Protein chains: 2
Amino acid sequence: MQPQKNGENKSITIYDIAKEAGVSASTVSRVLTNSANVRSEKKKKVLALIEKYNFKPNALAKGLADTKTRTIGVLAADIRNPFYASLFVECENAARAVDYTVVLCNSLGETDKEVELLGKLQEQRVDAIIQIGGRGDDLASNVEYVELINQIMAKTPVVVTGKLDGTRCHVVRIDAMKAMEILMDHLLELGHKRIALIGGRKDVLSTFEKHQRYKQILKENMIEFDPALVAEDGGYNFETGYRQMNEMLDKGVRPTAVVAINDFSAMGVMRSINEHGLQIPQDISVVSYDNTYMAEMAIPKLTSVDYNYEEYGRKLIDTATAMIEGRKTGQLRMVMPTLVVRGSSGPAPLEL
Amino acid sequence: MQPQKNGENKSITIYDIAKEAGVSASTVSRVLTNSANVRSEKKKKVLALIEKYNFKPNALAKGLADTKTRTIGVLAADIRNPFYASLFVECENAARAVDYTVVLCNSLGETDKEVELLGKLQEQRVDAIIQIGGRGDDLASNVEYVELINQIMAKTPVVVTGKLDGTRCHVVRIDAMKAMEILMDHLLELGHKRIALIGGRKDVLSTFEKHQRYKQILKENMIEFDPALVAEDGGYNFETGYRQMNEMLDKGVRPTAVVAINDFSAMGVMRSINEHGLQIPQDISVVSYDNTYMAEMAIPKLTSVDYNYEEYGRKLIDTATAMIEGRKTGQLRMVMPTLVVRGSSGPAPLEL
DNA sequence: ATTATAAGTGAAAGCGGTTTCAATTAGACT
DNA sequence: AGTCTAATTGAAACCGCTTTCACTTATAAT
């Protein structure tokens with residue numbers, strides 16, 4: 001009943017197993033790693049002892065000895081965001097399938113924390129680092145940061161979900177242009193012409209690309225671009241979506257459809273629309289990105305672009321392991337978005 | 001431009017630093033750990049080299065040598081649930097403050113995965129394990145599982161958020177009775193008498209306790225217990241909340257208030273109520289637990305019990321480190337809930 | 001039965017740190 | 001200058017596993 005004292009009990013080691021089995025430690029190691037033939041009677045005996053003592057080989061010693069940990073560090077921006085959480089879980093699954101372990105850190109958007117955690121991951125000798133969100137998603141590469149990443153990459157492969165010019169980082173990311181295209185096609189088909197863009201910062205690559213594509217598509221469809229319909233520099237959460245939509249409506253700007261930067265943002269947009277006494281989708285359609293569980297909870301349910309998290313996670317892990325093992329993959333891999341249509345988008349209202 | 005080859009470049013070690021600084025490795029180790037006096041000129045020189053090469057001591061070697069990793073494993077049920085995500089982030093913060101690192105694993109509710117991950121954490125020689133959700137929250141302890149945990153605890157302290165009879169696990173958990181009490185007080189004060197309970201499984205400790213307390217409170221207030229108002233054995237998500245509320249309303253059962261097991265569940269409940277043409281809170285009030293960001297997004301905003309995640313995370317980490325360091329703490333620590341009242345709860349409608 | 005070849009095995013040297021122990025060196029006081 | 005104590009230091013052992021190397025034992029082929 002005493003509190004657990006530290007170092008109270010020596011761990012059992014392969015030497016203990018070896019002694020009791022009447023073999024050498026090398027042999028135990030061989031059965032553990034299945035790295036060489038071991039006479040089956042001895043193997044059986046060793047296995048039995050491992051079972052008996054519930055022996056767990058010390059991963060630190062192992063990692064130290066063979067300089068690989070079969071561990072991949074995932075540095076996420078904020079795991080409380082279901083987009084990141086879903087992606088992380090799928091990374092975990094994919095890693096598991098190829099016998100790797102992932103370890104998660106959250107930078108919470110703070111660059112210095114991000115730098116610190118990157119260092120910590122290196123200390124732990126993770127075999128590779130996957131950065132989800134964070135500086136690696138920025139549109140413009142920060143010089144110091146690029147230098148840091150290059151320094152890290154001298155030892156540890158890094159894969160990011162954005163881009164990082166000036167580094168040999170591999171990247172796996174969503175085809176943001178395509179994602180915008182899907183949404184626009186959907187809305188245009190429904191007859192919308194006054195389509196607003198809410199949320200996001202343009203210094204984030206994917207957001208930037210979406211805005212680019214948005215303008216292109218308008219042009220292709222001979223719709224005049226109206227700056228009033230684009231809310232610049234908002235965030236990615238409920239409050240900013242709510243606020244930006246309020247501002248737009250309060251100014252008397254009336255889109256017939258809104259593309260929100262993600263589901264959080266969309267929820268804010270929807271609330272704002274409701275509070276202005278307007279109906280979704282009769283007066284204004286709302287669509288967004290990420291297709292998180294919130295899309296199902298919204299009233300009406302939210303039309304949202306899905307990213308196939310499972311595929312995304314798999315590609316991320318596959319790229320990381322490829323870099324670790326010197327296997328070659330494309331340096332840039334895309335994840336294709338698909339549209340999930342729900343009740344929040346409908347035909348454009350008739351022109352007055 | 002070649003893909004990163006594995007083991008391409010030997011890491012720089014304390015020996016390299018030592019040589020260049022003209023001191024012994026022991027000295028470098030001393031400045032690294034600040035474990036003993038080192039003449040300041042040498043110290044300065046060593047520090048300079050560390051800086052110069054951006055030297056990161058190998059955590060594996062360190063862990064192996066001193067048998068502590070300053071790492072705490074967190075085994076969560078599902079990080080996609082914002083409740084767990086928030087708690088995890090706060091654990092991370094709290095750990096950081098005392099110079100520990102946390103590593104996350106998700107069991108996704110699968111017991112065998114949970115067992116496997118527990119093993120993995122032990123292999124990695126985490127100094128302690130915190131189990132958030134999962135089997136450690138079950139009402140009735142499973143014999144095999146208890147044995148497993150005891151086996152683990154022979155080496156590694158474990159703290160759970162539920163309870164685990166038959167082990168020396170420490171536990172930090174929410175005062176679920178109090179949480180129910182807060183909600184009931186609020187509803188009773190608003191004049192509600194027909195209060196429904198939706199969601200959750202009674203084999204989960206906290207849910208069980210809530211149900212217990214619910215009945216007690218009814219009795220204390222001379223309200224007759226009506227089984228029709230309690231949906232047994234649902235889940236903790238949107239769909240189950242939605243389905244259970246539908247079933248209740250379709251059966252003609254009409255509560256004036258609903259206590260949902262968490263915000264997810266509450267969102268389902270709210271949708272069901274809406275679809276039945278009823279108003280929240282005019283016809284039915286809805287309240288729930290966890291106070292996640294969804295509470296703010298709901299329409300109307302959701303009255304929910306908050307758990308002070310920061311305090312919770314801090315207590316969890318403090319308990320873990322206490323066990324690691326042989327410091328004593330209570331074996332059971334509670335986190336007190338508070339009520340956040342929003343628009344989803346209002347006065348009971350007048351009796352017909 | 002005799003070789004040639006393959007399979008199985010143990011000793012020992014790392015991996016990169018920490019820590020004990022004994023030896024030096026510095027500083028404080030007569 | 002001489003002595004005593006405290007502060008610094010380096011050598012070497014060790015943490016627990018992998019792996020090379022050389023050697024022994026089996027198995028297959030002649």
Side-chain angles (χ1 to χ4, degrees), chain A residues 6-47 49-50 53-71 120 122-127 155, chain B residues 6-46 49-50 53-71 122-127 155:
Chain A
N6 194 41
E8 199 161 65
N9 23 29
K10 306 255 110 281
S11 266
I12 150 168
T13 71
I14 54 169
Y15 287 93
D16 302 321
I17 301 282
K19 182 147 52 145
E20 188 162 341
V23 300
S24 74
S26 329
T27 296
V28 175
S29 173
R30 286 182 185 110
V31 351
L32 238 29
T33 55
N34 228 300
S35 58
N37 298 348
V38 171
R39 198 172 305 283
S40 78
E41 8 161 2
K42 300 195 176 184
K43 187 169 187 169
K44 213 165 292 175
K45 196 177 297 183
V46 168
L47 253 13
L49 290 170
I50 288 175
Y53 294 115
N54 191 248
F55 168 69
K56 301 261 180 264
N58 186 323
L60 301 172
K62 180 174 172 112
L64 183 57
D66 65 11
T67 65
K68 32 180 75 70
T69 54
R70 290 198 81 80
T71 285
K120 214 140 213 165
Q122 267 213 303
E123 286 184 11
Q124 292 177 200
R125 297 299 189 263
V126 294
D127 293 339
K155 299 234 29 44
Chain B
N6 193 41
E8 198 161 67
N9 25 27
K10 307 255 109 283
S11 265
I12 151 167
T13 72
I14 53 168
Y15 288 92
D16 303 319
I17 301 280
K19 183 148 47 145
E20 187 163 342
V23 300
S24 73
S26 329
T27 297
V28 175
S29 174
R30 287 183 184 109
V31 347
L32 239 28
T33 56
N34 228 300
S35 58
N37 298 349
V38 170
R39 197 173 307 280
S40 77
E41 8 162 3
K42 300 196 176 187
K43 186 169 188 168
K44 213 164 294 175
K45 196 177 299 182
V46 168
L49 289 170
I50 288 175
Y53 293 115
N54 192 247
F55 169 68
K56 301 262 181 261
N58 186 323
L60 301 171
K62 183 177 170 108
L64 182 57
D66 65 11
T67 65
K68 32 180 75 72
T69 55
R70 289 198 83 78
T71 285
Q122 267 214 304
E123 286 185 8
Q124 293 178 202
R125 296 301 190 264
V126 295
D127 292 341
K155 300 234 28 48

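The structure displayed is predicted, hence computed values, not measured ones. The chains referred to below are lettered A, B, ... by the order of the sequence lines, with proteins before strands, and numbering in each begins at 1.
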- Whole angstrom value for the distance that separates C1' of dG17(C) from NZ of K56(B): 16 Å
- Item | Residues that N54(A) engages under side chain to side chain contact (heavy atoms under 4.5 Å, CB included), provided they are two or more places apart | K56(A), Q151(B)
- Message: Distance check needed: dG16(C) P versus Q122(A) CD, whole Å only.
- Response: 14 Å
- When the distance from CZ of R70(B) to C1' of dG17(C) is rounded to whole Å, what number comes out? 17 Å
- Message: Any heavy-atom pair between the side chains of T13(B) and N58(B) that's under 4.5 Å?
- Response: no
- Of all the heavy-atom pairs spanning S11(A) and D16(A), show the shortest one and how long it is. O-OD2, 4.0 Å
- Query: Tell me: NZ of K43(A) to P of dA7(C), nearest whole Å?
  - Reply: 14 Å
- Query: Who are the side chain to side chain donor-acceptor pair (under 3.5 Å) partners of Y53(A), not counting sequence neighbours?
  - Reply: E20(A)
- Message: Between T69(B) and Q124(A), is there a side-chain heavy-atom distance shorter than 4.5 Å?
- Response: no
- Message: Students often get this wrong, so: under 4.0 angstrom with heavy atoms, is T33(B) touching a base, only sugar-phosphate, or nothing?
- Response: sugar-phosphate
- Query: In whole angstroms, how far is the C1' atom of dG16(C) from the CG atom of D66(B)?
  - Reply: 12 Å
- Rounding to a whole Å, what distance do you find between L60(A):CG and dG14(C):P? 22 Å
- Item | Residue closer to the 5' end of DNA chain C, L64(B) versus R39(B) (nearest nucleotide) | L64(B)
- Measure the distance from OH on Y15(A) to C1' on dA13(C) and round it to the nearest whole Å. 10 Å
- Item | Rounded distance (Å) that lies between atom P of dT18(C) and atom CG of N58(B) | 10 Å
- Item | DNA chain D: 5'-proximal contact among K42(B) and R125(B) (nearest heavy atom) | K42(B)
- Residues which pass side chain to side chain contact (heavy atoms under 4.5 Å, CB included) with K45(B), listed by chain and number, not counting sequence neighbours: A21(B)
- Message: Short of 4.0 Å, heavy atom to strand atom, which residues of residues 23-32 of chain B count as contacting DNA chain D?
- Response: V23(B), S24(B), S26(B), T27(B), R30(B)
- Can you name the one residue among V23(A), T27(A), N34(A), V28(A) that meets side chain to side chain contact (heavy atoms under 4.5 Å, CB included) with K43(A)? N34(A)
- Note on the structure: Bounded by its outermost nucleotides with an atom under 4.0 Å from a heavy atom of chain B, the footprint on DNA chain D reads dA7(D) to dG16(D)
- Query: Can you check side-chain contact (heavy atoms from CB on, under 4.5 Å) on T33(A) and K62(A), steps first, answer last?
  - Reply: CA-CA 10 Å; T33(A) 55; K62(A) 180 174 172 112; 3.6 Å; yes
- Sorted by chain and number, sequence neighbours left out, side chain to side chain contact (heavy atoms under 4.5 Å, CB included) with R70(B) holds for D99(B), Y100(B), D127(B)
